[in-house]
Amino acid sequence: MPAWSFSSAITLMLTLGLSSISTVAMADTVSFPRETLPARTSLPNVSPLNSDLANRGAYVARTADCMACHREDYSGGVPIETPIGNIYSTNITPSTQYGIGSYTESDFKNALRKGRAPKHQIYPAMPYPSYHGMSDADISALFAYFQTVPIIDKPPEKTTHLPFPLNIRSLMLAWNVINVPSTENRSGLTPVQQRGEYLVNNLEHCGTCHTPRNLTQGLDQDRYLSGAPLGKWFAPNITPDNDTGIGRWSERDIVTYLRTGKLDKQAYAGGPMAEAVAHSTRYLTDEDLSAMANYLKVVPAIKTDDYLIPVNVARLPSPKSTSITYDLLEQKDYLAKAKADQSHVSINQSSHQISNQSSSQNNNPNRVMGNSNSPKSLYLTHCASCHGVDGYAQPDARYAAIVGLSSIRRAKPDALIGVIAFGAKGAFNTAPKMPGFEKDLSHAQIASITNYVRINFGGLPSSDVSADEVKRVIKEKG
């Protein structure tokens with residue numbers, strides 16, 4: 001990492017939360033006009049009363065995504081799902097009794113790089129295998145920043161209690177020998193790609209979610225960034241493979257997604273990725289996001305079996321009007337008409353069924369009810385009020401447009417099933433949380449909605465997700 005100069009000009013940059021990479025140097029490597037990018041969110045937690053070093057540490061805290069696990073006030077208690085059970089984050093405010101107020105900078109460095117607190121080993125749910133590569137300068141800045149954080153003098157609401165023998169923290173010493181460090185720097189990278197490598201591999205610790213695990217639950221380096229299960233979610237392949245990864249994304253696409261959590265007709269961040277955007281990447285400078293994008297385009301491409309079905313634009317719906325995505329009254333009226341039309345169709349079909357049943361002496365009521373549970377009826381009833389009749393939603397109100405999203409075009413429907421069953425949280429606190437329908441709808445009904453969405457909003461020619469597949473996903477991830 002380049003050395004920092006604390007001249008008055010750099011001080012101003014630090015207060016604004018800019019990175020240490022030279023804007024001039026970066027400008028020669030960015031292949032698109034940065035002024036066309038979505039605006040970054042202003043960096044909070046910087047103050048003219050704090051030292052330049054502490055204000056730089058505020059930016060490092062964002063790049064390291066500390067808040068996603070420890071909360072915005074660093075009080076901890078957030079559950080982190082792991083194969084061995086939930087591990088709860090700790091209080092990392094300067095409280096001497098409950099936080100890290102008694103840590104020296106050397107203690108702080110050991111915790112970040114080795115997973116070693118002064119009195120115990122830390123579970124690798126805290127991504128010290130990635131933080132192992134943090135620079136001394138960034139650790140010093142981060143330590144200085146944490147001295148300025150308001151003290152929370154109480155323990156987290158929940159703490160980690162794992163069963164024997166997993167509660168023996170000294171076992172992590174052997175795990176560390178095998179799995180730390182978890183990544184190695186590549187040779188032959190440009191200075192910008194080196195910065196991107198540092199951000200992706202170390203500070204942002206992308207591999208923690210997007211890399212499959214080996215038998216010891218360390219990162220499988222042979223499949224680095226190729227996608228991995230993550231609790232109820234699946235972190236997708238982010239290598240530059242064209243068919244199964246993000247190889248068809250431009251650098252601008254990557255930057256836009258990291259800045260906003262969405263990419264028109266391609267992707268929408270939910271779950272852990274939404275948290276990463278909300279707490280971290282939306283605050284990063286154009287230079288740092290561009291460096292990450294540049295690096296992600298040169299990591300080794302890995303092809304997996306969960307390929308993306310190419311989007312067929314001709315099969316995607318068009319919005320009813322140019323105003324419907326923000327005119328809520330128009331949306332309401334359009335939805336009411338669509339429901340009325342569908343109800344009329346269902347009544348006619350049911351009448352036809354009843355006639356056929358009478359003639360055949362078959363009075364099975366389930367056949368009559370089937371039409372009210374048609375895929376379109378289910379979508380209009382449970383989904384359209386948020387996502388829109390045509391899938392274009394209400395972006396101004398932060399309801400997600402779902403037309404063309406990669407998550408509904410994957411060969412494996414597990415990700416979409418999971419979102420419908422368990423719900424999702426958007427990238428920003430102001431975004432409404434999507435409810436899960438696991439308890440409200442049957443497996444067959446969830447399968448019907450899944451198929452309807454994949455065909456009508458993913459542009460797929462067909463989809464045959466079954467109730468059994470839904471049952472499997474809910475059992476595996478529930």
Side-chain angles (χ1 to χ4, degrees), residues 64-71 73-104 106-134 139 142-143 146 151-183 202 205 207-221 228-235 271-272 275 279 422 475-478:
D65 200 11
C66 304
M67 298 79 168
C69 291
H70 293 278
R71 303 187 191 277
D73 63 357
Y74 305 108
S75 61
V78 176
I80 302 165
E81 294 184 27
T82 76
I84 61 175
N86 281 353
I87 294 177
Y88 293 88
S89 61
T90 57
N91 181 331
I92 55 172
T93 73
S95 168
T96 55
Q97 183 174 0
Y98 301 110
I100 60 172
S102 61
Y103 277 37
T104 66
S106 178
D107 292 334
F108 189 67
K109 183 181 294 185
N110 282 335
L112 286 172
R113 286 182 171 171
K114 301 177 182 179
R116 185 178 302 162
K119 297 182 180 179
H120 62 266
Q121 289 295 130
I122 300 172
Y123 289 112
M126 198 279 275
Y128 64 82
S130 298
Y131 291 160
H132 181 85
M134 282 183 68
I139 291 175
L142 192 59
F143 182 72
F146 276 117
I151 294 173
I152 306 292
D153 247 335
K154 61 180 182 180
E157 294 179 1
K158 292 186 178 181
T159 55
T160 302
H161 296 285
L162 296 179
F164 179 84
L166 299 173
N167 62 339
I168 303 175
R169 289 177 178 261
S170 58
L171 293 176
M172 294 300 101
L173 291 170
W175 189 92
N176 291 347
V177 171
I178 300 172
N179 294 298
V180 180
S182 62
T183 56
N202 303 125
H205 53 277
T208 300
C209 293
H210 290 274
T211 300
R213 300 281 171 168
N214 56 31
L215 290 177
T216 68
Q217 290 303 306
L219 300 185
D220 182 348
Q221 292 305 314
L230 191 66
K232 292 181 173 65
W233 296 86
F234 184 85
E275 294 173 358
H279 296 290
F422 304 117
K475 182 178 180 181
E476 289 177 354
K477 299 182 178 295

Contacts of type side-chain contact (heavy atoms from CB on, under 4.5 Å), residue [X], not counting sequence neighbours:
| X | answer |
| --- | --- |
| Pro155 | Tyr98 |
| Pro156 | Asn91 |
| Ile168 | Phe164, Pro165, Ser170, Leu171 |
| Arg113 | Lys109, His132, Asp136, Ile139 |

More than 12 heavy atoms of other groups within 6.0 Å of Lys477 NZ: yes
Could you state the interatomic distance from [atom1] ([X]) to [atom2] ([Y]), rounded to the nearest 0.5 Å?
| X | Y | atom1 | atom2 | answer |
| --- | --- | --- | --- | --- |
| Leu230 | Ile80 | CG | CD1 | 10.5 Å |
| Asn86 | Thr160 | CG | OG1 | 8.5 Å |
| Ile87 | Thr82 | CD1 | OG1 | 4.0 Å |

Among all residues two or more places apart in sequence or in another chain, which pass the side chain to side chain donor-acceptor pair (under 3.5 Å) test with [X]?
| X | value |
| --- | --- |
| Asn179 | Thr216 |
| Asp153 | Ser95 |
| Arg169 | none |
| Thr159 | His161 |

Qualifying residues under ring pair (Phe, Tyr, Trp, His ring centres under 6.0 Å), relative to [X], sequence neighbours excluded:
| X | answer |
| --- | --- |
| His205 | Tyr131 |
| Tyr128 | none |
| Phe143 | Phe108 |

Indicate the atoms forming the closest heavy-atom contact of [X] with [Y], along with that distance.
| X | Y | result |
| --- | --- | --- |
| Thr211 | Asp220 | CG2-O, 3.4 Å |
| Tyr74 | Cys66 | CE2-CB, 4.1 Å |
| Tyr123 | Met172 | CD2-SD, 4.0 Å |
| Gln121 | Asn176 | NE2-ND2, 3.5 Å |
| Asn202 | Gly133 | ND2-CA, 3.7 Å |
| His70 | Ile92 | CG-CD1, 3.6 Å |

Please confirm whether the backbone N or O of [Y] pairs with a side-chain atom of [X], one donor and one acceptor, at under 3.5 Å?
| X | Y | result |
| --- | --- | --- |
| Asn214 | Gly218 | yes |
| Ser89 | Val78 | yes |
| Arg213 | Thr208 | yes |
| Arg116 | Ala111 | no |
| Ser75 | Ile152 | no |
| Gln97 | Lys154 | no |

Under the salt bridge (charged side-chain N to carboxylate O under 4.0 Å, His left out) test, residues paired with Glu476 that sit two or more places apart: Arg472
Between Tyr103 and Phe146, ring centroids under 6.0 Å: no
Check: Met134 and Leu142 side chains under 4.5 Å, non-hydrogen atoms: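 Sidechains of Met134 and Leu142: in contact.
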